*Asks:* 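One structure coming up, written as C-alpha coordinates, with questions to follow.
Treat the numbers as computed from the prediction; the structure is a model and nothing was measured. Just so you know, ligand 1 is whichever comes first in the structure, and atom 1 is the first atom listed for that ligand. Along the sequence shown, residues carry numbers from 1.
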Amino acid sequence: MAQAQIIDGKVHAERVRAEVAVQVARLKADYRLQPGLAVVLVGDDPASQIYVRSKGEHSLAVGMHSVTHRLPDTTSQHDLMRLVGELNADPAIHGILVQLPLPKGLDEKAVLAAINPDKDVDGLHVLNAGRLVSGLPALVPCTPLGAMILLRETLGDLTGKRAVVVGRSVLVGKPVAQLLLAADCTVTIAHSRTVDLPAVCREADILVAAVGRPRMIRGDWIKPGAAVIDVGINRVPFDDPVKAAAGRTKVVGDVHFKEACQVAGWITPVPGGVGLMTVAVLLQNTVTAAMRQAGITT
Ligand code: NDP
(Lines give C-alpha, C1' and ligand atoms only; values in the text may rest on other atoms or scores of the structure.)
Protein backbone atom coordinates (compact mmCIF):
# COMPACT_ATOMS: atom_id res chain seq x y z
CA MET A 1 0.00 0.00 0.00
CA ALA A 2 1.15 3.56 -0.71
CA GLN A 3 3.12 5.35 1.97
CA ALA A 4 3.02 9.13 2.34
CA GLN A 5 6.28 11.05 2.16
CA ILE A 6 7.17 12.55 5.51
CA ILE A 7 7.64 16.32 5.64
CA ASP A 8 10.53 16.62 8.07
CA GLY A 9 10.11 19.74 10.20
CA LYS A 10 13.62 19.37 11.62
CA VAL A 11 15.29 19.73 8.22
CA HIS A 12 13.18 22.75 7.24
CA ALA A 13 13.55 24.44 10.63
CA GLU A 14 17.34 24.00 10.52
CA ARG A 15 17.42 25.61 7.08
CA VAL A 16 15.31 28.60 8.23
CA ARG A 17 17.52 29.07 11.30
CA ALA A 18 20.68 28.90 9.16
CA GLU A 19 19.24 31.57 6.83
CA VAL A 20 18.36 33.73 9.83
CA ALA A 21 21.93 33.40 11.18
CA VAL A 22 23.32 34.62 7.84
CA GLN A 23 20.92 37.58 7.85
CA VAL A 24 21.81 38.49 11.45
CA ALA A 25 25.54 38.41 10.61
CA ARG A 26 24.92 40.64 7.57
CA LEU A 27 22.83 43.15 9.55
CA LYS A 28 25.57 43.35 12.19
CA ALA A 29 28.37 43.76 9.62
CA ASP A 30 26.65 46.14 7.20
CA TYR A 31 24.35 48.15 9.50
CA ARG A 32 25.66 47.60 13.04
CA LEU A 33 22.18 46.27 13.76
CA GLN A 34 21.71 43.29 16.09
CA PRO A 35 18.10 42.07 16.05
CA GLY A 36 16.80 41.78 19.63
CA LEU A 37 14.03 39.52 20.94
CA ALA A 38 12.36 39.86 24.35
CA VAL A 39 10.29 36.94 25.64
CA VAL A 40 8.00 37.45 28.63
CA LEU A 41 6.87 34.48 30.70
CA VAL A 42 4.39 34.96 33.52
CA GLY A 43 3.93 32.06 35.94
CA ASP A 44 5.40 28.56 35.94
CA ASP A 45 3.39 26.55 33.40
CA PRO A 46 5.76 23.64 32.57
CA ALA A 47 5.06 23.58 28.80
CA SER A 48 5.49 27.37 28.56
CA GLN A 49 8.80 27.15 30.42
CA ILE A 50 10.11 24.66 27.84
CA TYR A 51 8.95 26.84 24.91
CA VAL A 52 10.47 29.98 26.43
CA ARG A 53 13.81 28.31 27.12
CA SER A 54 13.93 27.05 23.55
CA LYS A 55 13.16 30.52 22.16
CA GLY A 56 15.94 32.08 24.25
CA GLU A 57 18.51 29.44 23.28
CA HIS A 58 17.71 29.54 19.56
CA SER A 59 17.77 33.34 19.39
CA LEU A 60 21.23 33.41 21.00
CA ALA A 61 22.43 30.63 18.67
CA VAL A 62 21.66 32.74 15.57
CA GLY A 63 23.50 35.73 17.04
CA MET A 64 20.58 37.80 18.26
CA HIS A 65 20.31 39.90 21.36
CA SER A 66 17.98 37.88 23.57
CA VAL A 67 16.26 38.77 26.84
CA THR A 68 13.86 36.61 28.84
CA HIS A 69 11.69 38.18 31.55
CA ARG A 70 10.35 35.60 34.00
CA LEU A 71 7.62 37.03 36.21
CA PRO A 72 5.73 35.34 39.07
CA ASP A 73 2.08 34.32 38.57
CA THR A 74 1.17 36.98 41.13
CA THR A 75 2.21 39.69 38.62
CA SER A 76 -0.46 42.39 38.27
CA GLN A 77 -1.91 43.56 34.98
CA HIS A 78 -0.41 46.97 35.69
CA ASP A 79 3.14 45.60 36.13
CA LEU A 80 2.88 43.42 33.01
CA MET A 81 1.62 46.35 30.95
CA ARG A 82 4.44 48.52 32.30
CA LEU A 83 7.02 45.92 31.21
CA VAL A 84 5.48 45.76 27.73
CA GLY A 85 5.66 49.57 27.60
CA GLU A 86 9.37 49.50 28.54
CA LEU A 87 10.10 46.88 25.85
CA ASN A 88 8.15 48.92 23.29
CA ALA A 89 10.44 51.87 24.06
CA ASP A 90 13.70 49.87 24.16
CA PRO A 91 15.67 50.42 20.92
CA ALA A 92 17.68 47.20 21.43
CA ILE A 93 14.45 45.15 21.31
CA HIS A 94 12.84 44.62 17.90
CA GLY A 95 10.54 41.73 18.77
CA ILE A 96 8.34 41.15 21.82
CA LEU A 97 6.65 37.85 22.59
CA VAL A 98 4.41 37.38 25.60
CA GLN A 99 4.08 33.63 26.14
CA LEU A 100 0.46 32.48 26.22
CA PRO A 101 -1.61 31.41 28.02
CA LEU A 102 -1.29 34.00 30.79
CA PRO A 103 -2.26 33.00 34.34
CA LYS A 104 -5.91 33.47 35.29
CA GLY A 105 -6.81 37.05 36.16
CA LEU A 106 -4.58 38.66 33.54
CA ASP A 107 -6.24 40.18 30.47
CA GLU A 108 -4.53 38.60 27.45
CA LYS A 109 -6.28 40.79 24.89
CA ALA A 110 -5.21 43.99 26.66
CA VAL A 111 -1.60 42.80 26.85
CA LEU A 112 -1.49 41.83 23.16
CA ALA A 113 -3.06 45.17 22.22
CA ALA A 114 -0.38 47.02 24.21
CA ILE A 115 2.51 45.54 22.18
CA ASN A 116 3.84 47.87 19.48
CA PRO A 117 2.50 46.19 16.28
CA ASP A 118 5.92 46.68 14.63
CA LYS A 119 7.48 44.56 17.42
CA ASP A 120 4.63 42.01 17.52
CA VAL A 121 6.66 38.99 16.31
CA ASP A 122 3.86 36.61 17.33
CA GLY A 123 1.58 38.40 14.85
CA LEU A 124 -1.35 38.48 17.26
CA HIS A 125 -1.99 42.24 17.42
CA VAL A 126 -5.25 43.14 15.62
CA LEU A 127 -3.34 45.48 13.34
CA ASN A 128 -1.17 42.63 12.06
CA ALA A 129 -4.24 40.37 11.69
CA GLY A 130 -5.89 43.17 9.69
CA ARG A 131 -2.79 43.76 7.57
CA LEU A 132 -2.67 40.04 6.73
CA VAL A 133 -6.33 40.04 5.63
CA SER A 134 -5.75 43.24 3.63
CA GLY A 135 -2.68 41.89 1.84
CA LEU A 136 -0.38 44.48 3.46
CA PRO A 137 3.07 43.71 4.92
CA ALA A 138 2.35 42.12 8.29
CA LEU A 139 4.02 40.17 11.04
CA VAL A 140 2.30 36.79 10.65
CA PRO A 141 1.76 34.25 13.48
CA CYS A 142 4.68 31.84 13.57
CA THR A 143 2.96 28.44 13.42
CA PRO A 144 0.78 29.27 10.38
CA LEU A 145 3.75 30.80 8.57
CA GLY A 146 5.80 27.71 9.42
CA ALA A 147 3.07 25.48 7.97
CA MET A 148 3.08 27.54 4.76
CA ILE A 149 6.86 27.28 4.42
CA LEU A 150 6.54 23.48 4.65
CA LEU A 151 3.81 23.45 1.99
CA ARG A 152 5.68 25.72 -0.42
CA GLU A 153 8.93 23.82 -0.01
CA THR A 154 7.12 20.52 -0.56
CA LEU A 155 4.57 21.33 -3.26
CA GLY A 156 5.98 24.47 -4.91
CA ASP A 157 3.26 26.59 -6.50
CA LEU A 158 -0.04 26.18 -4.62
CA THR A 159 -2.21 27.99 -7.19
CA GLY A 160 -5.67 26.50 -7.66
CA LYS A 161 -5.32 23.81 -5.01
CA ARG A 162 -8.32 23.00 -2.82
CA ALA A 163 -7.31 23.65 0.79
CA VAL A 164 -9.36 22.73 3.86
CA VAL A 165 -8.36 24.14 7.24
CA VAL A 166 -9.99 22.41 10.21
CA GLY A 167 -10.04 24.96 13.05
CA ARG A 168 -10.77 28.68 13.05
CA SER A 169 -8.72 30.06 15.92
CA VAL A 170 -7.08 33.47 15.72
CA LEU A 171 -3.75 31.79 16.52
CA VAL A 172 -3.74 29.10 13.80
CA GLY A 173 -6.85 28.39 11.72
CA LYS A 174 -7.71 31.89 10.50
CA PRO A 175 -4.17 33.05 9.65
CA VAL A 176 -3.27 29.79 7.89
CA ALA A 177 -6.47 30.13 5.82
CA GLN A 178 -5.51 33.70 4.91
CA LEU A 179 -2.03 32.60 3.85
CA LEU A 180 -3.46 29.80 1.69
CA LEU A 181 -5.87 32.27 0.11
CA ALA A 182 -3.01 34.67 -0.59
CA ALA A 183 -1.23 31.73 -2.29
CA ASP A 184 -4.25 31.40 -4.63
CA CYS A 185 -5.71 28.26 -3.07
CA THR A 186 -9.47 27.75 -2.89
CA VAL A 187 -9.96 27.67 0.85
CA THR A 188 -12.61 26.14 3.12
CA ILE A 189 -12.47 26.74 6.86
CA ALA A 190 -14.15 23.98 8.87
CA HIS A 191 -14.95 24.01 12.59
CA SER A 192 -16.99 22.30 15.28
CA ARG A 193 -20.29 23.19 13.60
CA THR A 194 -19.30 21.99 10.12
CA VAL A 195 -21.75 19.45 8.71
CA ASP A 196 -20.19 16.18 7.44
CA LEU A 197 -16.60 17.11 8.21
CA PRO A 198 -15.16 13.89 6.70
CA ALA A 199 -16.72 14.74 3.30
CA VAL A 200 -15.38 18.32 3.50
CA CYS A 201 -11.89 17.04 4.33
CA ARG A 202 -11.99 14.57 1.44
CA GLU A 203 -12.16 17.50 -1.01
CA ALA A 204 -8.78 18.79 0.10
CA ASP A 205 -5.57 18.69 -1.91
CA ILE A 206 -4.13 20.40 1.16
CA LEU A 207 -5.57 19.48 4.56
CA VAL A 208 -4.50 21.52 7.59
CA ALA A 209 -5.60 20.18 10.97
CA ALA A 210 -5.59 22.67 13.84
CA VAL A 211 -8.22 21.27 16.16
CA GLY A 212 -6.65 20.11 19.42
CA ARG A 213 -8.36 16.68 19.33
CA PRO A 214 -6.02 13.67 19.29
CA ARG A 215 -6.10 11.62 16.03
CA MET A 216 -9.54 12.97 15.11
CA ILE A 217 -8.87 13.02 11.36
CA ARG A 218 -9.00 9.46 10.09
CA GLY A 219 -7.42 7.92 7.01
CA ASP A 220 -10.73 7.70 5.12
CA TRP A 221 -11.24 11.49 5.54
CA ILE A 222 -8.20 12.13 3.33
CA LYS A 223 -8.14 12.47 -0.45
CA PRO A 224 -5.56 10.06 -1.93
CA GLY A 225 -2.32 11.95 -2.57
CA ALA A 226 -3.24 15.00 -0.46
CA ALA A 227 -0.70 17.01 1.55
CA VAL A 228 -1.61 16.80 5.25
CA ILE A 229 -0.31 19.40 7.68
CA ASP A 230 -0.95 18.37 11.27
CA VAL A 231 -0.67 21.35 13.63
CA GLY A 232 -2.16 19.55 16.63
CA ILE A 233 -0.16 18.93 19.79
CA ASN A 234 -2.06 16.62 22.14
CA ARG A 235 -0.74 14.75 25.14
CA VAL A 236 -2.28 11.25 25.46
CA PRO A 237 -1.52 8.09 27.45
CA PHE A 238 0.78 5.54 25.74
CA ASP A 239 -0.98 2.83 23.67
CA ASP A 240 1.07 0.26 25.61
CA PRO A 241 -1.12 -0.48 28.67
CA VAL A 242 1.90 -1.00 30.94
CA LYS A 243 3.33 2.44 30.12
CA ALA A 244 -0.16 3.98 30.28
CA ALA A 245 -0.74 2.43 33.71
CA ALA A 246 2.53 4.01 34.85
CA GLY A 247 1.01 7.37 33.91
CA ARG A 248 3.35 7.92 30.97
CA THR A 249 2.13 10.12 28.14
CA LYS A 250 3.21 10.98 24.62
CA VAL A 251 2.42 13.71 22.09
CA VAL A 252 0.19 13.02 19.06
CA GLY A 253 -1.38 15.21 16.42
CA ASP A 254 -4.94 15.85 15.32
CA VAL A 255 -4.51 13.36 12.45
CA HIS A 256 -4.49 9.57 12.83
CA PHE A 257 -0.93 9.31 11.53
CA LYS A 258 -0.80 5.57 10.76
CA GLU A 259 -4.03 5.61 8.77
CA ALA A 260 -3.20 8.88 7.04
CA CYS A 261 0.18 7.56 5.89
CA GLN A 262 -1.63 4.93 3.79
CA VAL A 263 -3.61 7.56 1.87
CA ALA A 264 -1.86 10.95 1.86
CA GLY A 265 0.89 11.99 -0.55
CA TRP A 266 2.76 13.97 2.10
CA ILE A 267 2.30 14.35 5.85
CA THR A 268 3.90 16.17 8.76
CA PRO A 269 4.60 13.95 11.78
CA VAL A 270 3.84 14.94 15.37
CA PRO A 271 6.25 15.50 16.96
CA GLY A 272 8.84 16.47 14.37
CA GLY A 273 6.70 18.50 11.97
CA VAL A 274 5.07 21.92 12.20
CA GLY A 275 5.93 22.38 15.88
CA LEU A 276 9.64 22.64 15.07
CA MET A 277 8.97 25.44 12.59
CA THR A 278 7.38 27.76 15.16
CA VAL A 279 10.59 28.93 16.85
CA ALA A 280 12.49 29.14 13.54
CA VAL A 281 9.80 31.44 12.14
CA LEU A 282 9.83 33.50 15.34
CA LEU A 283 13.51 34.22 14.66
CA GLN A 284 12.72 35.05 11.04
CA ASN A 285 9.94 37.42 12.18
CA THR A 286 12.36 39.13 14.56
CA VAL A 287 14.80 39.80 11.70
CA THR A 288 11.92 41.09 9.56
CA ALA A 289 10.79 43.37 12.39
CA ALA A 290 14.33 44.68 13.01
CA MET A 291 14.85 45.45 9.31
CA ARG A 292 11.51 47.25 9.00
CA GLN A 293 12.18 49.31 12.13
CA ALA A 294 15.59 50.29 10.76
CA GLY A 295 14.16 51.04 7.29
CA ILE A 296 16.31 48.35 5.64
CA THR A 297 14.54 46.90 2.61
CA THR A 298 17.03 44.37 1.23
P1 NDP B 1 -8.34 26.27 19.61
O2 NDP B 1 -8.88 25.42 20.70
O3 NDP B 1 -8.23 27.73 19.81
O4 NDP B 1 -9.21 26.04 18.28
C5 NDP B 1 -9.62 24.76 17.92
C6 NDP B 1 -10.47 24.85 16.68
O7 NDP B 1 -10.85 23.53 16.34
C8 NDP B 1 -11.74 25.66 16.87
O9 NDP B 1 -11.96 26.50 15.79
C10 NDP B 1 -12.83 24.60 17.00
O11 NDP B 1 -14.07 24.97 16.43
C12 NDP B 1 -12.25 23.48 16.16
N13 NDP B 1 -12.79 22.20 16.62
C14 NDP B 1 -12.81 21.70 17.86
N15 NDP B 1 -13.41 20.50 17.88
C16 NDP B 1 -13.77 20.23 16.61
C17 NDP B 1 -14.43 19.15 16.00
N18 NDP B 1 -14.85 18.08 16.69
N19 NDP B 1 -14.65 19.21 14.67
C20 NDP B 1 -14.23 20.27 13.95
N21 NDP B 1 -13.60 21.33 14.48
C22 NDP B 1 -13.37 21.30 15.81
O23 NDP B 1 -6.92 25.63 19.24
P24 NDP B 1 -5.65 26.28 18.47
O25 NDP B 1 -6.04 26.72 17.13
O26 NDP B 1 -4.96 27.24 19.37
O27 NDP B 1 -4.72 25.00 18.38
C28 NDP B 1 -5.09 23.87 17.61
C29 NDP B 1 -4.06 22.77 17.83
O30 NDP B 1 -2.79 23.22 17.40
C31 NDP B 1 -3.87 22.37 19.29
O32 NDP B 1 -3.60 20.98 19.36
C33 NDP B 1 -2.64 23.14 19.73
O34 NDP B 1 -1.93 22.52 20.78
C35 NDP B 1 -1.83 23.12 18.45
N36 NDP B 1 -0.90 24.25 18.33
C37 NDP B 1 0.38 23.95 17.95
C38 NDP B 1 1.31 24.95 17.82
C39 NDP B 1 2.68 24.61 17.38
O40 NDP B 1 2.88 23.69 16.63
N41 NDP B 1 3.68 25.30 17.83
C42 NDP B 1 0.99 26.36 18.11
C43 NDP B 1 -0.40 26.57 18.39
C44 NDP B 1 -1.29 25.54 18.52
P45 NDP B 1 -15.03 26.14 17.05
O46 NDP B 1 -14.37 27.43 16.66
O47 NDP B 1 -16.31 25.90 16.38
O48 NDP B 1 -15.03 25.90 18.52
Side-chain angles (χ1 to χ4, degrees), residues 7-10 12-13 16-17 39 41 45-55 57-58 97-102 108-109 112 121-124 129 132 139-151 163-180 187-204 207-218 220-222 228-236 249-257 260 267-285:
I7 304 174
D8 188 343
K10 188 160 178 266
H12 292 277
V16 172
R17 288 200 304 271
V39 178
L41 172 64
D45 176 69
S48 294
Q49 282 182 339
I50 293 168
Y51 293 142
V52 164
R53 195 178 321 125
S54 163
K55 286 165 186 172
E57 285 169 2
H58 281 301
L97 182 146
V98 177
Q99 185 67 42
L100 301 178
L102 290 173
E108 239 165 55
K109 282 197 178 128
L112 293 178
V121 282
D122 230 1
L124 295 176
L132 176 61
L139 288 165
V140 177
C142 303
T143 304
L145 196 49
M148 281 304 287
I149 292 171
L150 294 179
L151 279 170
V164 173
V165 179
V166 189
R168 56 175 164 181
S169 71
V170 170
L171 184 62
V172 189
K174 282 178 183 160
V176 95
Q178 287 299 330
L179 291 168
L180 288 161
V187 183
T188 300
I189 307 178
H191 45 78
S192 66
R193 306 299 174 92
T194 295
V195 175
D196 199 356
L197 184 60
V200 173
C201 290
R202 272 193 290 271
E203 291 184 359
L207 181 60
V208 180
V211 190
R213 304 213 178 271
R215 299 172 178 141
M216 187 186 85
I217 293 180
R218 310 299 302 242
D220 62 358
W221 298 24
I222 295 168
V228 177
I229 303 291
D230 190 351
V231 182
I233 298 180
N234 309 288
R235 200 156 266 291
V236 297
T249 58
K250 62 176 181 174
V251 170
V252 300
D254 292 338
V255 177
H256 195 296
F257 185 75
I267 188 165
T268 58
V270 178
V274 182
L276 296 178
M277 295 298 285
T278 302
V279 176
V281 174
L282 172 68
L283 305 177
Q284 192 182 66
N285 276 355

*Asks:* Considering Leu100, Thr278, Leu171, Val270 one by one, which has a heavy atom nearer to atom 43 (C) of ligand 1 than any of the others?
*Replies:*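 Heavy atom nearest to atom 43 (C) of ligand 1 belongs to Leu171.
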
*Asks:* For atom 27 (O) of ligand 1, what is the nearest protein heavy atom, given as residue, atom name and distance?
*Replies:*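 The closest heavy atom on the protein side is Val172 CG2, 4.3 Å.
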
*Asks:* State the atoms of ligand 1, each with its element, that fall below the 4.0 Å cut-off from a heavy-atom position in Gly167.
*Replies:*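 It comes down to these atoms of ligand 1: 6 (C), 7 (O), 9 (O).
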
*Asks:* Is the closest N or O pair between Met216 and ligand 1 shorter than 3.5 Å?
*Replies:* no

*Asks:* Do Val255 and Leu207 come close enough that some side-chain heavy atom pair is under 4.5 Å?
*Replies:*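 The answer is no, as the side chains (C-beta and beyond) never meet within the 4.5 Å cut-off.
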
*Asks:* Which ligand 1 atoms does Leu197 reach within 4.0 Å, using its non-hydrogen atoms?
*Replies:*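 Under 4.0 Å from Leu197, ligand 1 has these atoms: 19 (N), 20 (C).
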
*Asks:* Is the shortest side-chain heavy-atom distance between Leu151 and Leu179 below 4.5 Å?
*Replies:*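 Not in contact.
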
*Asks:* Starting from atom 30 (O) of ligand 1, locate the nearest protein heavy atom and write down its residue, its atom name and how far away it is, to 0.1 Å.
*Replies:* Val231 O, 3.4 Å

*Asks:* Report the residues that fulfil side chain to side chain contact (heavy atoms under 4.5 Å, CB included) with Gln284, sequence neighbours left out, ordered by chain and then residue number.
*Replies:* Val16, Val20, Leu145, Ile149, Val281

*Asks:* Does some side-chain heavy atom of Leu124 sit less than 4.5 Å from a side-chain heavy atom of Leu171?
*Replies:* yes

*Asks:* Note the single closest protein heavy atom to atom 46 (O) of ligand 1, along with its residue, its atom name and the distance in Å.
*Replies:*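 Result for atom 46 (O) of ligand 1: Arg168 NE, 2.7 Å.
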
*Asks:* Considering only non-hydrogen protein atoms, determine which one is nearest to atom 31 (C) of ligand 1 and report residue, atom name and distance to 0.1 Å.
*Replies:*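 Scanning the protein heavy atoms, the shortest distance from atom 31 (C) of ligand 1 goes to Gly212 CA, 3.6 Å.
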
*Asks:* A side-chain contact here means heavy atoms from C-beta on lying under 4.5 Å apart; do Met216 and Trp221 qualify?
*Replies:* yes

*Asks:* What protein heavy atom is closest to atom 48 (O) of ligand 1, reported as residue, atom name and distance in Å?
*Replies:* Ser192 OG, 3.6 Å

*Asks:* Treating Thr194 as the side-chain partner and Leu197 as the backbone partner, does any N or O pair qualify as donor plus acceptor under 3.5 Å?
*Replies:*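 Not confirmed, Thr194 side chain does not pair with Leu197 backbone.
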
*Asks:* Identify the heavy atoms of Gly232 and Asp254 that sit nearest to each other, and give their distance.
*Replies:* CA-OD2, 3.3 Å

*Asks:* Can you find an N/O atom of Ser169 closer than 3.5 Å to an N/O atom of ligand 1?
*Replies:* yes

